[in-house]
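Note sheet for the following structure.
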There are 2 protein chains.
Amino acid sequence: MRLTIDLTEEKPLYQQIRDQIVEGIAVGLLAEGTPLPPTRRLAADFGINFHTVNKAYELLRREGLVRLHRKRGAVVHVSAPDAAAWADWEARLRILLAEARARGATAEEIQERCRRILNVLMRPAAGEA
Amino acid sequence: MRLTIDLTEEKPLYQQIRDQIVEGIAVGLLAEGTPLPPTRRLAADFGINFHTVNKAYELLRREGLVRLHRKRGAVVHVSAPDAAAWADWEARLRILLAEARARGATAEEIQERCRRILNVLMRPAAGEA
DNA sequence: CTATTGATCTAGTATAGCTATATCAAATTG
DNA sequence: CAATTTGATATAGCTATACTAGATCAATAG
């Protein structure tokens, strides 16, 4: 799977990396057990410090999406969200949806956009890894 | 409308203020034309610096949700999002939905949660201002 | 005119993000 | 066992962001 970073983005580099891996898992490009590149190699590819990649991996570990081993490296390992994780997620979703509502979008229009995005995320993405 | 801040939150204070006002507009507690408290007064109520409230208001102005006048103060004024704003919003939504998908939630389950939150946001909240 | 309110400027502190270097520890591999 | 790979951890320095503090300016409602 192809990973990229954008130094001009306001979004932190470790967050960009984390987000792309999350999307990769969501669409199935990164299946359970798939190894991620070693932090040093990915950092070298990006031309950034390996601590930054480390931070992204550590974040993914805390979120329950990867397992980290010495020598074996980082491996995709999904664990279902607990109640607290769901509550946190819904709080963030609530703010995002409120933003659209506040600016005049109808509930139907918002739901349609959610549906379209989920459709894309559900598309089987085999052979693109 | 009741506004609060939490100093122990990781979320920046100006962002907490902004998010609550966005939600207030979304649910209809803050209708078009409603004046927001003066920055100095709100800051005093919170026990924080008025520059922080100023930052929240300025953010809301940039987002097209309030108009700022001297002496008249900040007033709710909604403007519809343009294409760029929608694209930005969808990008953020995409990451959030991907997060849930990555951790095993089905598209139906995710849509149901979106629907439930929108339901709450649509509930007319008259008389609670 | 006066008082209120946002706009702007300077400045100081604390924290976050990123980099750089170095070392440690586990575990795979030969 | 020994060597190598890989994440884990520690220190330090730099820049940007978040927040505070105090002062001043400018529009404008009354």
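Below, chains carry the letters A, B, ... as their sequence lines are ordered, and counting in each starts from 1.
When each of C:dT21, C:dA7, D:dC19 is scored by its nearest atom to the side-chain atoms of A:F50, the top-ranked nucleotide is C:dT21.
Sorted by first and then second residue, the salt bridge (charged side-chain N to carboxylate O under 4.0 Å, His left out) pairs involving residues 109-119 of chain A (not counting sequence neighbours) are A:E109-A:R113, A:E112-A:R115, A:R113-B:E90, A:R116-B:E90. Judged as a ring-ring contact (aromatic ring centres under 6.0 Å, His included), the pairs with a partner in residues 86-111 of chain A (not counting sequence neighbours) are, in order, A:W86-A:W89. Applying the ring-ring contact (aromatic ring centres under 6.0 Å, His included) test to residues at least two apart or on different chains, none of the pairs has a partner in residues 92-117 of chain A. A side chain to side chain donor-acceptor pair (under 3.5 Å) check over residues 41-51 of chain B, counting only residues at least two apart or in different chains, returns the pairs B:N49-B:H51.
Partners of A:Q20 by side-chain hydrogen bond (donor to acceptor under 3.5 Å, both in side chains), not counting sequence neighbours: none found.
Looking at A:L30 and A:L36, their side chains come closer than 4.5 Å, going by heavy atoms from C-beta outward. Residues A:F46 and A:I17 have side chains in contact (heavy-atom distance under 4.5 Å, counting atoms from C-beta outward). No side-chain heavy atom of A:L13 sits under 4.5 Å from any side-chain heavy atom of A:D6.
Atom CD of B:E10 and atom P of D:dA18 are 13 Å apart (whole Å). Between the CG atom of B:N49 and the C1' atom of C:dG6 there is a distance of 14 Å, rounded to whole Å. In this entry the distance linking CG of A:L68 with C1' of D:dA8 reads 10 Å, nearest Å. Going from atom CZ of B:R41 over to atom P of C:dT5 covers 8 Å, rounded to whole Å. When rounded to the nearest whole Å, the span between CG of A:L42 and C1' of D:dT5 equals 16 Å. Spacing between atom OH of B:Y14 and atom P of D:dC19 amounts to 7 Å, rounded to whole angstrom units. With rounding to whole Å, B:L7 atom CG is found 16 Å from D:dA18 atom P. Whole-Å rounding puts the B:K11 NZ to D:dT17 C1' distance at 17 Å.
Under a 4.5 Å side-chain heavy-atom criterion applied to ILVMFWY residues, the cluster that includes B:I95 comprises that residue alone. Other members of the hydrophobic cluster containing B:L59, listed by chain and number, are B:Y14; membership follows side-chain contacts under 4.5 Å among ILVMFWY residues, whether direct or relayed.
Although no hydrogens or angles enter the test, the distance criterion places no donor-acceptor pair under 3.5 Å between the side chain of A:R103 and the main chain of A:A98.
Salt bridge status for B:R101 with A:E23: absent, with no side-chain N to carboxylate O gap under 4.0 Å.
Checking A:R40 against A:L13, the closest nucleotide of DNA chain C that is more toward the 5' end is the one next to A:L13. Where A:H69 and B:L36 each meet DNA chain C at their nearest nucleotide, the meeting point lying more 5' is that of B:L36.
If you run side chain to side chain contact (heavy atoms under 4.5 Å, CB included) between B:C114 and each of A:L93, A:L96, A:L118, only A:L93 comes through.
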Below 3.5 Å between N/O atoms, which protein atoms pair up with nucleotides 28-30 of chain C? Just atom names and distances, please.
none

Between the protein and nucleotides 11-13 of chain D, which nitrogen or oxygen pairs come in under 3.5 angstrom?
none

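Across residues 52-67 of chain B, B:T52, B:K55 each have a non-hydrogen atom less than 4.0 Å from an atom of DNA chain D (numbered order).
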Distance-only criterion, 3.5 Å: show the donor-acceptor pairs between side-chain atoms of residues 71-81 of chain B and protein atoms not counting sequence neighbours.
unit_1 : atom_1 : unit_2 : atom_2 : d
B:R72  : NH2    : B:H69  : ND1    : 3.4
B:R72  : NH2    : B:H69  : NE2    : 3.4
B:H77  : ND1    : B:E32  : OE2    : 2.8
B:H77  : NE2    : B:R67  : NH2    : 3.4
B:S79  : OG     : B:G64  : O      : 3.1

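Comparing the axis of the opening five pairs of the helix from C:dC1-D:dG30 to C:dG30-D:dC1 with that of the closing five pairs yields an angle of 40°, rounded to 10°.
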